[in-house]
Amino acid sequence: MVAGNPWLAARTWYNAIQKGGPFMPITRKDIDHVAKLALLDLSDAEKEKMVEQVGEIVGHFSRLSELDTKDVPPTSHTLPSVHNVLRPDIPGRTLPQDKALREAPDALKGYFKVPRVVEE
Amino acid sequence: MTAAINMTGETMNGGVGVAGGTAGRDGSTQYRADISLEVHVELKTRTKIFCDCPNSFGAPPNTNVCPVCLGLPGSLPVLNRAALEYAVRAALALNCTISPETVFARKNYFYPDLPKGYQISQSDKPVGTNGWVEIEGEGGANGSANGGAGAKKRIRIRRVHLEEDAGKSFHGAAAAAIGTATGAEDTSGDTASASGLPGSSGTSVPSPDAEADTGVAPAPEASPAGPGSDYSLLDFNRCGVPLIEIVSEIDLTSGEEARAYLQKLRTILSYTDVSDLKIEEGSLRCDANVSIRPVSSAELGVRSEVKNIGSFRGVKMALEYEIARQREVLESGKRPTLDTRRWDEKRARTTLLRSKEEANDYRYFPEPDLVPTYIDEAFVAEVRRGLPELPDAKLARLVAEDDLAPYNADVIASSPALAAFYEKGAAKVAQGATPAKVDAKRTFSNWVIGDFLSRLNAAGKSIEESPVTPEGLAGLVNLIGQGTISGKIAKDVFEEMFATGKAAEAIVKEKGLAQITDSGAIAAVVDQVIAANPGPVADFKAGKDRAIGFLVGQVMKLTKGQASPELVNKLLREKLV
């Protein structure tokens with residue numbers, strides 16, 4: 001379960017570290033899973049390298065747990081004083097169709113054209 | 001509008017449920033179904049949720065787009081104040097608690113209808129939580145026809161959250177049709193060639209849950225050999241249109257209950273005026289989760305998720321199909337799998353889209369491009385004040401104050417347009433009527449849900465398009481109340497009003513349809529009828545009271561229905577006693 005879900009995994013590590021438990025390294029299985037989700041076609045060698053590098057990154061962030069955050073409320077954002085940024089419901093300018101499609105690898109009759117995706 | 005009216009008809013035939021609690025084929029195991037619905041509703045703001053592109057249906061493809069909704073690098077979303085307000089309004093109408101702090105999250109998945117590679121949605125801090133709506137309990141459909149005595153069942157709503165819609169994709173035959181359509185060849189500025197396409201035909205259901213990497217069985221019927229079969233086409237006009245997703249708890253137990261719940265949501269939301277709620281244009285969409293288990297089991301069964309449900313009837317049919325299918329799987333000794341299935345309305349069955357090996361992994365995390373939104377109590381109070389009377393309250397008031405039959409009140413309250421029509425007319429009818437035997441508002445309500453609605457449906461018109469105004473219909477009912485015309489003549493007058501838009505009074509005057517209330521004139525006809533029908537007269541005199549009905553009928557016939565039946569009856573009795 002943990003191996004299948006990197007975010008859950010990260011939380012589990014965090015919890016483990018909080019309790020002074022052992023640091024759980026990134027496994028090949030984690031890399032396989034993340035690569036699949038991100039549609040990355042990695043070679044075996046690349047994956048092995050990722051196990052090492054991502055493991056180091058996650059390990060580095062585990063240092064954060066050394067901070068005492070007992071009195072810090074959880075936040076979803078790094079700008080605590082900024083909130084409620086809203087705009088009025090007034091239509092503005094749109095891109096002309098030709099501009100919208102300009103960077104598309106392929107287009108047809110005003111539509112973006114992509115390789116056939118299966119019908120959902 | 002028409003949909004609401006039609007569905008009321010459906011309610012009355014409803015309740016066929018394959019539902020929970022039905023016995024297995026050999027009678028050994030009873031199963032119950034556990035159902036929850038996820039309902040997506042497009043909000044009718046003027047602009048999209050995170051950018052100021054117009055939110056409108058039917059524009060030429062890729063013209064209501066900008067760097068934000070196309071997911072171009074460096075663009076940043078900003079929340080539309082109206083979208084937030086509409087979501088709060090809907091959540092309040094659904095009895096939710098509004099979160100003091102609401103936060104957007106990224107839901108990561110790859111599908112070409114969402115160019116960013118993630119959908120901005122909400123995860124652990126949705127706009128509203130813990131709501132509920134009430135529906136008629138099982139068997140209550142009949143109860144409502146008999147006066148709304150059916151027990152109410154409360155369906156809990158887990159959450160109401162805001163998110164952005166995805167673009168619209170065209171696959172297979174639909175893509176081929178666009179590709180081969182005659183018109184200008186090149187795409188630049190050529191907005192007209194594609195704009196004539198029917199917006200809904202051949203479009204796929206938006207697929208916020210789609211995964212590109214799963215082995216999905218392609219839909220073979222959609223792919224004739226042709227130039228379109230190897231590509232898909234995308235229109236991002238809908239991408240970024242604000243949606244609310246309403247997630248119910250697993251409180252529904254049959255297809256019929258799910259249908260009633262969806263209908264109730266639609267009714268309530270129609271009063272809040274936050275959406276067009278057009279199923280056919282995709283502004284109201286529904287996915288269902290369903291599992292079955294032996295009634296003796298406390299543990300939920302393995303569920304399947306059914307997508308592409310495109311109508312109220314479809315919800316009921318799709319769920320009943322799924323319940324029967326799962327029962328067959330169980331009874332054949334197999335274990336159901338965690339499937340995502342697609343409802344095929346034409347063939348009335350579900351087909352497998354993908355089997356989930358594991359739970360979806362969307363890697364939700366707080367959207368770093370948007371800051372939290374605090375919703376203070378003053379704002380919530382202000383939005384609450386702006387809510388109109390909601391259907392349950394309206395129904396109760398129409399029964400208590402206007403003395404309507406619960407069934408009539410239910411039909412009227414099921415649509416804001418119909419309710420407005422009724423209330424406008426009822427105000428007039430109360431003023432004009434003499435203190436009649438029959439309560440004027442009750443009579444008026446019968447006309448509204450009876451002749452008026454069926455005539456509108458037959459003409460395929462909405463209430464707003466009705467040639468008969470509320471005041472006009474009230475005028476007709478007042479003529480009945482004052483005894484100027486009989487109920488029977490009134491039906492002809494109504495037809496004439498509908499056809500010509502003239503007032504009832506004018507038609508009655510023009511055609512000389514007023515009842516004959518001059519007893520002298522009627523007495524002459526009465527004498528004539530008595531003389532011509534010695535048999536029935538003798539019967540009546542011999543104590544057969546029912547024979548008078550025949551004699552009254554004869555008088556009515558000779559007066560072309562214009563005699564006051566009460567007066568005829570009175571005169572006949574006077575003369576025969």
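Just so we're on the same page: letters track the sequence lines, and every chain starts at 1.
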So which of A/Asp106, A/Leu79, A/Ile90 has the biggest tally of heavy-atom pairs under 4.5 Å with chain B?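 Most heavy-atom pairs within the cutoff with chain B belong to A/Ile90.
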Most contacts with chain B, counted as non-hydrogen pairs under 4.5 angstrom, among A/Pro91, A/Ala104, A/Pro115: A/Pro91
Would the number of heavy atoms belonging to other residues, nucleotides or ligands and lying under 6.0 Å from [atom1] of [X] be above 12?
X        : atom1 : answer
A/Glu52  : CD    : no
B/Tyr374 : OH    : yes
A/Lys99  : NZ    : no

Quick check for you: to the nearest 0.5 Å, what is the distance between [X] atom [atom1] and [Y] atom [atom2]?
X        : Y       : atom1 : atom2 : value
B/Arg363 : A/His33 : CZ    : NE2   : 7.0 Å
B/Leu370 : A/His83 : CG    : NE2   : 14.5 Å
A/Asp98  : B/Thr63 : CG    : OG1   : 11.5 Å
B/Phe379 : A/Asn84 : CZ    : CG    : 9.5 Å

List the atom of [X], the atom of [Y], and the distance in Å for their closest heavy-atom pair.
X        : Y        : result
A/Leu95  : B/Leu70  : CD1-CD1, 3.9 Å
A/Arg116 : B/Ser232 : CA-OG, 3.5 Å
B/Asn80  : A/Pro88  : OD1-C, 4.5 Å
B/Asn62  : A/Tyr111 : ND2-CA, 3.5 Å
A/Val82  : B/Val371 : O-CB, 3.6 Å
B/Pro61  : A/Lys109 : CG-O, 4.1 Å

Select one option (side chain, backbone, both, neither) describing which atoms of [X] are under 4.5 Å from chain A's heavy atoms.
X        : answer
B/Val103 : side chain
B/Pro67  : both
B/Cys51  : backbone
B/Pro368 : backbone

B/Thr47 and A/Asp89: side-chain donor and acceptor closer than 3.5 Å?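 Their side chains do contain a donor-acceptor pair, which is all the 3.5 Å distance test asks for.
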Chain B contact via A/Arg102 - which portion, at a heavy-atom distance below 4.5 Å: neither
Looking at B/Asn64, B/Thr373, B/Leu234, B/Leu84, which makes the most heavy-atom pairs under 4.5 Å with chain A?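 Among B/Asn64, B/Thr373, B/Leu234, B/Leu84, the one with the most close pairs to chain A is B/Leu234.
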Could you check if a side-chain atom of [X] sits within less than 4.5 angstrom of a side-chain atom of [Y], using non-hydrogen atoms only?
X        : Y        : answer
A/Leu108 : B/Tyr231 : yes
A/Arg87  : B/Leu79  : no
B/Val78  : A/Val85  : yes

Whether A/Phe112 and B/Phe236 hold their rings parallel, tilted or perpendicular, with breakpoints at 30° and 60°: perpendicular
